Structures are given as structure tokens and as C-alpha cells.
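For reference, the structure discussed in these notes is given below.
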Amino acid sequence: MPTITLPDGSTKSFDHPVSAYDVAMTIGERLAKACVGCLVDGELSDLSTTLDSDCTLHLVTEKTRDKQDDPNALNLLRHSTAHVMAEAIQRIVPGAMLVYGPPLDNGFYYDIAFPEDRPLKEGDFEAIESEMAKIVKEDRPFTRYDMSVNDGMEKLKSEGSKYKIDNAEKAVEVGAESLSFYATGEPGKDWEDLCRGPHIPSTGRIGAFKIMSLASSYWHGDENSDRLTRVYGTSFFSKKDLDAHLDQLEEAKKRDHRVLGKKLQLFHIDETVGQGLILWTPRGSVIRKELQNWIGAELAKMGYTDVFCPHIGKLDLYKTSGHFPYYAESQFVPVMERDFLKHVSDEGCSCSDLSNMMSEGDINGYLLKPMNCPHHIKIYDSQPRSYRDLPVRLSEFGTVYRWEQSGELSGMTRVRCFTVDDAHLFCREDQIEAEVRGCLKLVKLAFETLGLSDFRVRVGLRDPDSSKYVGDPANWDKAEAACRAAAAELGANVSEEPGEAAFYGPKIDFVVKDVIGREWQLGTVQVDYNLPERFDLSYIGADNTKHRPVMIHRAPFGSLERFVGVLIEHFAGAFPLWLSPEQVRVVPISEKSNDYAQEVYEQLNHIGIRASVDTHDARVQAKIKNGSEMKIPYLLVVGPRDAENRQVSVRAFGVEKDLGAMHLDEFVAAVADERDSKGATSVKQRFELAHA
RNA sequence: GCCGCUGUAGCUCAGUGGUAGAGCGCACCCUUGGUAAGGGUGAGGUCGAGGGUUCAAGUCCCUCCAGCGGCUCCA
């Protein structure tokens with residue numbers, strides 16, 4: 001006698017078990033037809049699920065009432081499309097063994113082990129898609145049936161897929177009492193798959209689908225295990241939705257910092273120079289320099305002092321810090337001393353001997369610095385420190401080198417040489433909280449000024465079950481509490497993640513997404529008990545004895561490379577005036593106005609505005625198009641009329657029509673204001689006020 | 001590093017084993033113009049590198065390099 005509670009609070013009682021579909025039918029046939037699944041007590045389930053006891057029921061339709069995509073509906077759809085794709089693939093490549101095929105936020109994938117002599121290629125997509133279309137057209141129902149663990153295992157063993165057997169074992173491990181299978185059609189007759197479900201009612205509900213790409217993956221995510229092929233696809237309830245999605249991907253591509261970086265001439269990567277090594281072109285350098293100047297000025301206000309260090313340090317330094325040889329794989333190979341190499345060669349050492357010495361840390365030489373802390377530590381330690389001197393805050397735009405795997409490199413966001421807007425704070429235990437707070441304040445200021453609001457904050461804490469952490473647990477408790485409290489004040493999207501702490505201390509990371517949805521860590525604040533210990537750092541306390549300081553590593557931007565890459569995408573290349581490589585372009589309407597244009601340019605240049613004059617032999621229309629494509633904030637069209645009145649005709653980026661004319665002196669003052677206020681006032685506003 | 005895809009003019013890209021192409025950009029000429037592409041002429045190529053198959057390779061095969069999408073990794 002199930003009593004079913006609907007989302008509006010109303011209830012329906014039945015004297016026999018019913019399916020969710022039956023319940024929908026009692027409300028209306030059209031609703032029942034529109035349903036693709038349901039939530040039973042909040043759990044996503046098949047529409048055919050039998051309800052035999054009291055529960056809450058939320059029917060899932062293709063679109064929510066306000067005509068938005070329902071994420072639950074898309075989830076069911078995509079999981080189901082993955083099954084259809086898997087069936088189509090197995091028709092084309094009979095030896096393909098299925099592993100795991102979950103839905104994603106914007107599609108789905110299926111990990112599949114292909115026979116070695118028949119890998120899947122992109123050229124197979126068309127054939128797979130046409131097989132899928134057939135399956136969709138047949139409108140076969142997704143039919144669930146359950147078997148006991150024993151029977152199910154027998155069945156899987158007879159089918160011989162070690163991957164599915166493993167999936168079943170994993171399910172049993174986490175407490176499954178039976179195994180469920182889904183047939184696309186009739187069990188025993190049609191294609192089927194071990195699957196937890198749930199699914200949409202039938203294949204005919206798949207309105208539009210597309211296979212997107214191939215990638216490789218590892219079984220269980222373990223690089224030493226079997227290599228699988230991951231086939232990515234997506235699907236929607238309608239062709240229109242799919243097209244909209246594909247258009248959106250195209251749009252995202254236009255914002256991609258690698259595309260814009262080339263178009264706007266912001267940076268260059270040259271394969272002759274090396275992979276992952278950014279060459280900052282003049283335009284990109286402007287952005288970097290403005291950011292550095294700005295953050296540098298803020299640091300000075302906050303009591304930081306600048307330092308400069310070389311890009312290399314002796315291996316002994318990194319042996320003390322613990323970075324060599326333990327992290328040797330992610331570093332450039334050491335620069336070896338000539339005498340050492342000669343010695344090695346005289347001794348007749350082979351390459352493998354040398355390699356062994358390398359992994360034992362048993363060589364002499366220098367390392368391209370993989371981080372800045374050891375150098376800064378040595379500056380701290382270069383003189384005795386009193387508790388009255390603390391905190392000591394050493395800052396540097398420090399360039400570091402890391403040997404990232406070639407497949408991991410990506411534009412400006414993952415590189416092998418980058419500059420950290422780094423600083424190391426050496427403080428007393430009781431100063432940690434205030435210092436962490438100060439660091440976060442800086443990050444917050446940076447993000448707010450730039451309008452970066454779409455980020456999340458990750459507070460990395462200890463994994464309670466691990467013993468890898470150094471330092472006194474009582475200190476950890478205090479440091480974690482300090483991080484937690486400081487992060488909470490941000491009021492942003494904060495998540496605490498146990499196990500995400502560094503082995504040397506808790507940390508707070510700022511994570512943003514790029515245009516294709518990949519997450520990148522930018523700013524970071526890390527408390528460190530380890531390095532002060534390893535380097536035996538000290539200060540003299542009020543009690544006239546030595547005490548150990550605590551270090552805080554912090555970088556509000558993270559790296560300038562990654563940060564600028566993210567900013568390019570954030571602004572879609574249209575930087576606010578103060579960061580724009582070219583702030584104003586003067587467009588004379590013909591050569592006759594070149595002299596006045598030059599005069600305008602000189603006035604702007606005089607107050608440090610980055611301006612240019614477009615003297616190309618082209619019509620105004622063409623010059624405006626070019627200026628717009630370069631996303632220059634202001635284009636000043638000047639002709640005889642303007643020269644006569646000493647005015648400029650102003651056109652702002654992103655505004656279709658020109659704003660009107662303004663006296664040259666007024667424009668110069670207004671644009672300087674806009675720059676100095678970082679956009680709090682603007683030339684555009686001034687026009688709006690004048691017209692209000 | 002791994003799997004797949006891609007690599008042709010400065011950029012974006014066509015190119016059926018048989019003479020290397022287009023648009024944009026660039027140079028020059030005409031045009032001297034008022035808010036998103038005026039017209040003409042021309043220069044520009046070791047088709048990523050190396051090897052192989054073939055009478056003949058940008059095109060087919062192999063190796064390497066680089067980029068892209070993922071996987072793994074990111075002190």
C-alpha cells in the first residue's frame with residue numbers, strides 16, 4: 001500500500017505496487033509521455049521503477065517547468081546514449097571490451113579496451129554514428145533485470161570480460177546485494193550491459209547525439225595498468241540543443257587564450273626555444289608589467305620587502321630542502337660542474353652510472369630553481385633575527401623551472417618556466433592567523449579589482465588517516481583553524497578538503513575554470529612547518545632563547561603566465577584600460593588629418609597613455625574594423641572638423657556607435673582618470689553623464 | 001610519458017600519386033575618405049624534420065619533432 005508524496009506535498013495512495021510511470025499517468029498522459037525518469041526519495045531512478053512502499057517521488061521530464069535543461073534528465077539521456085554508442089561500437093569492432101561509461105556534465109564517455117590489431121580511429125566515427133542512429137530509430141526500451149551476485153558473476157564469467165567482472169566485484173565490495181543488467185530491448189535477445197542504471201525509457205528519446213573525440217585512459221586511473229580508449233560523446237533531447245552546444249564550443253574556442261594570444265600578439269611559443277617556454281611579446285609584456293607594478297605597490301603598503309635571487313642554486317641547497325633528489329623527475333636535469341664531469345669521465349663512468357648518481361643525489365652541480373623558497377630562506381638566515389623583527393616578509397617575482405611532462409603542457413597555463421609572484425613570510429606561531437588573513441586580503445583585492453568572481457577556494461587539510469605530515473599535531477590544529485577562519489571570511493565558494501594539505505602544512509588555494517571547463521589553481525597560501533626545521537631557522541624570543549619560526553608561502557596570482565592566460569580568457573582579450581597593451585588608437589580620416597592625429601598622440605603619450613596613430617592608407621571603416629579586432633579600448637577618429645575644434649570623436653570598444661565628440665584636453669584627463677582608477681571612472685561614463 | 005588527431009605562405013585554411021593554391025596580412029600604385037573590409041599590381045613555400053616505396057610523393061609507409069583533445073602528473 002504505497003503512499004507517494006509528490007513535490008508539491010500532495011500524496012497519492014495505491015493498494016498495489018505501482019511504477020513511477022503509472023503514477024505519472026494518474027496525473028496526466030502528457031506528463032507521463034514527457035517523463036524520462038524520476039527521483040525516488042531523492043535518488044535518480046528508472047521511470048519503470050516499482051514503488052512498493054511509501055516514498056517521495058519527483059518526476060523528471062526533459063525540460064524543467066521554466067523550459068531549462070534538467071540536469072537529471074540530461075544525466076539519464078547521456079548515460080543511455082553511452083549504452084547505444086557502446087552497442088554500435090561492438091557491432092563495428094566485435095572484440096571491443098567495455099569497461100566503464102558514465103555521464104558527464106556536458107556529455108558522456110565510454111572507456112573501452114580495443115583489440116590491439118583493431119584500435120578505434122576517428123575515421124570510425126561516421127560508421128558508429130550511423131549504427132547509433134539505427135538503434136535510436138528502433139526505439140528499443142532500456143530493460144532492467146537483476147540477478148543474484150552468484151548468478152550474475154557466473155554470467156559475466158561466461159562472457160569473459162575481466163573489466164565487467166571487476167566492476168561487479170567492486171559493486172559487491174561496496175555492498176551491492178544483487179547485480180543489475182540493462183538490455184537495450186529484450187533481455188536475452190538484444191544487446192545488454194552490466195549497469196547500475198538508471199536510464200531513459202527507450203532509445204527513441206535520444207534526440208541528437210555526436211561522438212566528440214578519442215583519448216586514452218588507464219584502467220582504474222593507474223598508469224601501470226591496462227591502457228583503455230576513452231570515447232567521448234554528447235547528446236541532447238533535440239537537434240537544436242546539440243547545435244547550441246556545438247556553437248557554444250566554437251565561441252569558447254574564440255576566447256581561448258592560445259587563440260587570442262596569437263591574434264592579439266600577446267605571447268609566443270617557439271619550438272626552437274623549447275616546449276612550454278613562454279616568450280612574452282611587447283603587448284603581453286605590458287599586461288605582465290602592469291600587474292607586477294600594481295601588486296608590487298600593494299605589497300610595499302603591506303610591509304613586504306623586495307629581494308632578488310639567481311635562477312640557480314647548488315644541489316646541496318635542494319638536498320637540505322628535500323627537493324633533490326626526491327622530486328628530480330619534475331626538475332630540469334642539474335647543471336653539472338665541469339670538474340665533476342671530467343672526473344666522472346676519467347673514472348670511466350657509464351651513462352647508467354651517472355643516472356644512478358643522479359637518483360642517489362650523489363653528484364655535484366647546480367639546479368635551475370624549481371621554487372624560490374630555499375633562496376629566500378637563506379636571506380632570512382643571513383642574520384640573527386629577534387622576535388621583534390618578525391614577521392619578515394620577503395617578496396620576489398621569482399622565476400622557476402619545472403620539468404612538466406610533454407603531454408601536460410598547455411599554452412600559458414601549464415609551462416616549464418614561470419614566474420611566481422612569490423613571497424615568504426617568516427613569523428611566530430602566534431602571528432600565523434593574522435598573516436594568513438593578510439595574504440587572503442591581498443588575493444581578494446586582486447581578484448575583486450580584476451572582476452574574477454567565478455572561483456572557488458579550497459582549504460587543504462590533513463588526511464586524518466595518514467601519517468605523512470611533519471610537525472606537531474597541536475600546531476597543525478592551530479594552523480588549520482587559522483586557515484579555516486581566514487577562508488571563511490572570504491565569503492566565497494569555500495570547500496574544506498581533507499587530504500589536500502601539503503605534507504608540510506595546510507593551505508588555501510584559489511581555483512578558476514578556463515573556457516573549456518578545466519580547473520586551474522591560481523593563488524595559494526601555504527603554512528609550512530617543515531622548511532624552517534630542515535634549515536634549522538631560528539629567532540631569539542623574549543625569553544632570550546632560540547625559537548623556530550613558521551613560514552608562509554603565498555602567491556596571489558600563482559604564476560604570471562597562468563594568471564595572464566586565465567585573464568585573457570576572462571576578458572576575452574578585451575582588457576580594462578589600465579591593462580590594455582594599446583589603450584588608445586588615433587584614426588585620422590585621411591592623410592590630411594595626420595598632423596592633428598600626431599598632435600593628439602603626443603598629448604596622450606606625454607601622460608603615459610599607450611597610444612598609436614593608424615596612418616595606413618585605408619578608409620576609416622577599415623581602420624575601425626582593425627582597431628576593434630585588436631580590442632583597443634578607445635579609437636579616436638579625427639578629421640578636419642575635429643582639428644578645427646581641437647576635439648576627438650570617441651569610439652569605445654564594444655559600443656556599436658561612436659560616443660560623440662569631446663574636447664581633446666577633456667579626453668586626455670578622462671582617459672588618465674580611467675587608467676588611474678582602474679576603471680572605477682571611465683570616458684564612457686563621462687559621455688553618459690553628459691547626455692543624462 | 002601514454003592513446004587519438006593535426007602539421008602546406010606571417011595568419012586561417014583548400015589541395016584525387018602527375019606543373020604549389022585561396023582569403024587575410026605585407027609591399028607598391030590608384031583612391032583622400034566621417035564610424036566594422038575601396039580598387040589594382042606584386043613579393044612571399046626545403047608542403048614540420050629525416051628516411052623508405054614509386055617512373056613520379058604535399059599526398060602512401062617508418063622514425064623523430066611540435067601543436068591539439070584527453071589520461072596520468074603538478075613539491
Side-chain angles (χ1 to χ4, degrees), chain A residues 104 109 111-114 119-125 212-232 249 253 256 258-259 262-263 265 268-276 318 321-324 326-331 370-371 373-374 400 402-411 413-416 418 502-504 507 516 518 520-521 524 526 528 530-531 553 558-559 562 587-594 616-629 635-642 649-651 653 655-661:
Chain A
L104 303 169
Y109 68 78
D111 277 346
I112 301 174
F114 284 92
L120 198 70
K121 308 250 177 187
E122 236 168 63
D124 294 316
F125 286 8
M212 303 298 287
S213 62
L214 290 178
S216 81
S217 62
Y218 302 107
W219 194 23
H220 299 148
D222 174 2
E223 64 179 317
N224 298 314
S225 187
D226 296 10
R227 208 168 41 231
L228 308 170
T229 301
R230 180 166 294 184
V231 190
Y232 281 88
L249 291 181
K253 225 185 251 176
D256 190 311
R258 292 163 298 188
V259 173
K262 195 172 267 182
K263 188 175 151 203
Q265 299 160 22
H268 175 63
I269 300 172
D270 194 289
E271 63 175 275
T272 315
V273 174
Q275 281 184 289
Y318 299 101
S321 71
H323 294 105
F324 188 84
Y326 301 106
Y327 294 101
E329 271 185 18
S330 48
Q331 293 156 6
M371 75 291 303
C373 6
V400 298
R402 298 187 190 178
W403 188 259
E404 305 291 358
Q405 295 188 90
S406 63
E408 259 312 327
L409 300 170
S410 177
T413 43
R414 192 75 184 268
V415 295
R416 283 185 173 159
F418 55 92
F503 71 91
Y504 50 74
K507 60 178 186 169
I516 48 181
R518 291 186 291 208
W520 296 103
Q521 182 192 311
T524 182
Q526 309 183 356
D528 183 357
N530 178 48
L531 287 176
H553 311 248
S559 91
R562 180 175 288 180
V587 175
I589 65 169
S590 80
E591 277 172 21
K592 288 177 188 159
S593 302
N594 279 0
H616 280 92
D617 178 16
R619 296 175 61 185
V620 195
Q621 287 87 334
K623 292 185 188 181
I624 285 174
K625 178 169 187 289
N626 293 337
S628 301
E629 281 182 347
L635 299 178
L636 304 182
V637 177
V638 297
R641 282 207 301 268
D642 303 285
S649 298
V650 183
R651 193 183 170 104
F653 179 79
V655 181
E656 287 257 340
K657 291 175 77 179
D658 72 325
L659 296 173

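We name chains A, B, ... by the order of the sequence lines, and we start the count at 1 in each one. Because the structure is predicted, anything quoted here is derived from the model rather than measured.
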Check: Has the side chain of A:Ser213 got a donor or acceptor that lies under 3.5 Å from a partner of the other kind on the base of B:G70?
Finding: no
Note to self: Could you work out, with ring-ring contact (aromatic ring centres under 6.0 Å, His included) as the rule, every residue matching A:Tyr232, not counting sequence neighbours?
What the structure shows: A:Tyr109
Next item on the list: Please state the P separation for the pair B:C13 and B:C55 - nearest whole angstrom.
Entry: 37 Å
Next item on the list: Determine, step by step, whether A:Arg402 and A:Met371 satisfy the side-chain contact (heavy atoms from CB on, under 4.5 Å) criterion, reporting the C-alpha distance in whole Å, the side-chain angles of both residues, the deciding distance to 0.1 Å, and the verdict.
Entry: CA-CA 9 Å; A:Arg402 298 187 190 178; A:Met371 75 291 303; 4.1 Å; yes
Margin query: A:Trp219: which residues meet the ring-ring contact (aromatic ring centres under 6.0 Å, His included) condition with it, sequence neighbours left out?
Written below: A:Tyr163
Item checked: side chain to side chain donor-acceptor pair (under 3.5 Å) against A:Ser217, all qualifying residues, sequence neighbours excluded -> A:Asp111
Margin query: Considering every strand and a 4.0 Å limit on heavy-atom distances, what is the contact class for A:Leu635: base, sugar-phosphate, or nothing?
Written below: nothing
Item checked: Contact pattern, 5' to 3', of nucleotides 9-16 of chain B - B, S or - by protein heavy atom under 4.0 Å -> --SS----
Check: Residues in salt bridge (Lys or Arg N to Asp or Glu O under 4.0 Å) with A:Glu629, at least two apart?
Finding: A:Lys625
Next item on the list: Pick base, sugar-phosphate or nothing for A:Gly322, based on heavy-atom distances below 4.0 Å to the nucleic acid.
Entry: nothing
Notebook entry, point to check: So what does A:Tyr109 hit on the nucleic acid, given a heavy-atom distance under 4.0 Å: a base, only sugar-phosphate, or nothing?
Noted result: nothing
Next item on the list: Could you check how far OH of A:Tyr232 sits from C1' of B:C68, rounded to whole Å?
Entry: 14 Å
Notebook entry, point to check: Is any side-chain N or O of A:Arg518 closer than 4.0 Å to OP1 or OP2 of B:G69?
Noted result: yes
Check: Taking the C1' atom of each, how far is B:G17 from B:G42, in whole Å?
Finding: 33 Å
Next item on the list: Heavy atoms under 4.0 Å is the rule here; annotate nucleotides 28-44 of chain B 5' to 3' with B where the base is hit, S where only the sugar-phosphate is, and - elsewhere.
Entry: --BBBBBBBBB------
Check: In what stems does RNA chain B take part, counting only runs of at least 3 consecutive Watson-Crick or G-U pairs whose two distances fall under 3.5 Å?
Finding: B:1-7 with B:65-71, B:10-13 with B:21-24, B:26-30 with B:38-42, B:48-52 with B:60-64
Margin query: If the condition is side chain to side chain donor-acceptor pair (under 3.5 Å), which residues does A:Ser321 pass it with, not counting sequence neighbours?
Written below: A:His323
N/O to N/O distances under 3.5 Å, protein versus nucleotides 58-66 of chain B:
| unit_1 | atom_1 | unit_2 | atom_2 | d |
| --- | --- | --- | --- | --- |
| B:A66 | OP1 | A:Gln275 | OE1 | 3.0 |

Next item on the list: State which residues pass side chain to side chain donor-acceptor pair (under 3.5 Å) with A:Tyr318; sequence neighbours excluded, sorted by chain then number.
Entry: none
Item checked: Non-neighbouring partners of A:Phe324 that pass ring-ring contact (aromatic ring centres under 6.0 Å, His included), sequence neighbours left out -> none
Margin query: Please tell me if A:Arg258 has a side-chain N or O lying less than 4.0 Å from either OP1 or OP2 of B:G69.
Written below: yes
Check: Who passes side chain to side chain donor-acceptor pair (under 3.5 Å) against A:Ser649, sequence neighbours left out?
Finding: A:Asp642
